[in-house]
Amino acid sequence: MIKNETIGKDINHYQIQHPLIGISAFLWIGFVCAISFMEAWLKFRAPGVTLPLGLGIGCMVYEALNKVEWLLAAIIAVTISFKSQKIITIEKLPYLIPVLILIYQTFWLLPALTLRAHIYMEGIQPPSSTIHIQYVVAELTKVICLIYFGLSQFKKTTP
């Protein structure tokens with residue numbers, strides 16, 4: 001087995017500043033990626049899943065995902081406040097952007113997507129819309145910000 005001493009030494013000099021924040025950020029990323037970038041389109045490829053059935057499942061799954069995201073966002077906010085840190089700082093921007101996106105998704109995008117799903121399930125073709133594209137862009141932005149925020153929890157320590 002080949003061992004790279006330089007990489008091993010570099011890894012040993014990083015420490016996670018706030019483990020609960022880091023864990024929550026990476027769990028949030030995992031949930032969003034698993035649901036939005038895998039489950040959302042894979043369910044329609046499963047045998048026997050009709051469009052109405054898939055849309056119904058999607059509505060339930062995204063409602064649950066939204067609740068999990070709020071829980072993880074709250075855990076991060078509470079942890080930040082217990083650490084006596086300000087929540088609104090430039091360093092927290094990679095956390096605040098996903099929270100703002102989550103607000104937008106919760107109060108506008110998800111209700112609009114749910115309405116479209118119900119229209120489809122009734123057999124009516126709704127007019128063309130960019131709502132799905134907005135949702136994908138929002139999810140990508142959220143994941144990128146959360147990756148940056150999660151990685152920012154690791155600080156280099158002196159040997």
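Because the structure is predicted, anything quoted here is derived from the model rather than measured. Values below: all heavy atoms of this structure, side chains included; hydrogens, waters and symmetry mates excluded.
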**Report entry** Members sharing Ile124's hydrophobic cluster (side chains within less than 4.5 Å)
**Finding:** Leu115, Ile119

Report task. Sequence neighbours left out, what passes side chain to side chain donor-acceptor pair (under 3.5 Å) with Thr130? Give chain and number order. Result -> Gln134

Requested in this report: Please write out which residues are connected to Val137 in a hydrophobic cluster, directly or through intermediates, given that two of Ile, Leu, Val, Met, Phe, Trp, Tyr count as joined at side-chain heavy-atom separations below 4.5 angstrom.
Outcome: Ile133

Query - Audit row: Val99, Tyr95, side-chain contact (heavy atoms from CB on, under 4.5 Å) steps and yes/no - result: CA-CA 7 Å; Val99 170; Tyr95 163 70; 3.6 Å; yes

Query raised in the report: Could you give all pairs that pass the salt bridge (Lys or Arg N to Asp or Glu O under 4.0 Å) test and reach residues 134-152, with sequence neighbours left out?
Result: Glu69-Lys142, Glu139-Lys142

Query raised in the report: Tell me, which pairs form a salt bridge (Lys or Arg N to Asp or Glu O under 4.0 Å) where one or both residues lie in residues 106-117, sequence neighbours left out?
Result: none

Query raised in the report: Got more than 12 heavy atoms from elsewhere within 6.0 Å of CZ, Phe37?
Result: yes

Report task. Could you list the residues that satisfy side chain to side chain donor-acceptor pair (under 3.5 Å) with Glu91, not counting sequence neighbours? Result -> Thr89

Report summary line: Those residues at least two apart in sequence (or on a different chain) that pass ring-ring contact (aromatic ring centres under 6.0 Å, His included) with Trp70 are none

Requested in this report: Enumerate the residue pairs fulfilling salt bridge (Lys or Arg N to Asp or Glu O under 4.0 Å) with a member in residues 50-64, sequence neighbours excluded, ordered by first and then second residue.
Outcome: Glu63-Lys67

Query raised in the report: From Ile76 CD1 over to Ile23 CD1, what is the distance, rounded to the nearest 0.5 angstrom?
Result: 11.0 Å

Query raised in the report: Residues sharing Tyr120's hydrophobic cluster, by side-chain heavy-atom contacts under 4.5 Å among ILVMFWY, directly or via others?
Result: Phe44, Leu51, Leu55, Met121

**Report entry** Contact list for residues 37-46, test side-chain hydrogen bond (donor to acceptor under 3.5 Å, both in side chains), sequence neighbours left out
**Finding:** Glu39-Lys43

Report summary line: Rounding to 0.5 Å, atoms CD1 (Ile147) and SG (Cys33) come to a distance of 6.5 Å

Report summary line: Those residues at least two apart in sequence (or on a different chain) that pass ring-ring contact (aromatic ring centres under 6.0 Å, His included) with Phe26 are none

Report summary line: So the salt bridge (Lys or Arg N to Asp or Glu O under 4.0 Å) pairs with at least one residue in residues 53-62 (sequence neighbours excluded) are none

**Report entry** Output field: ring centroids Tyr135/Tyr62 closer than 6.0 Å
**Finding:** yes

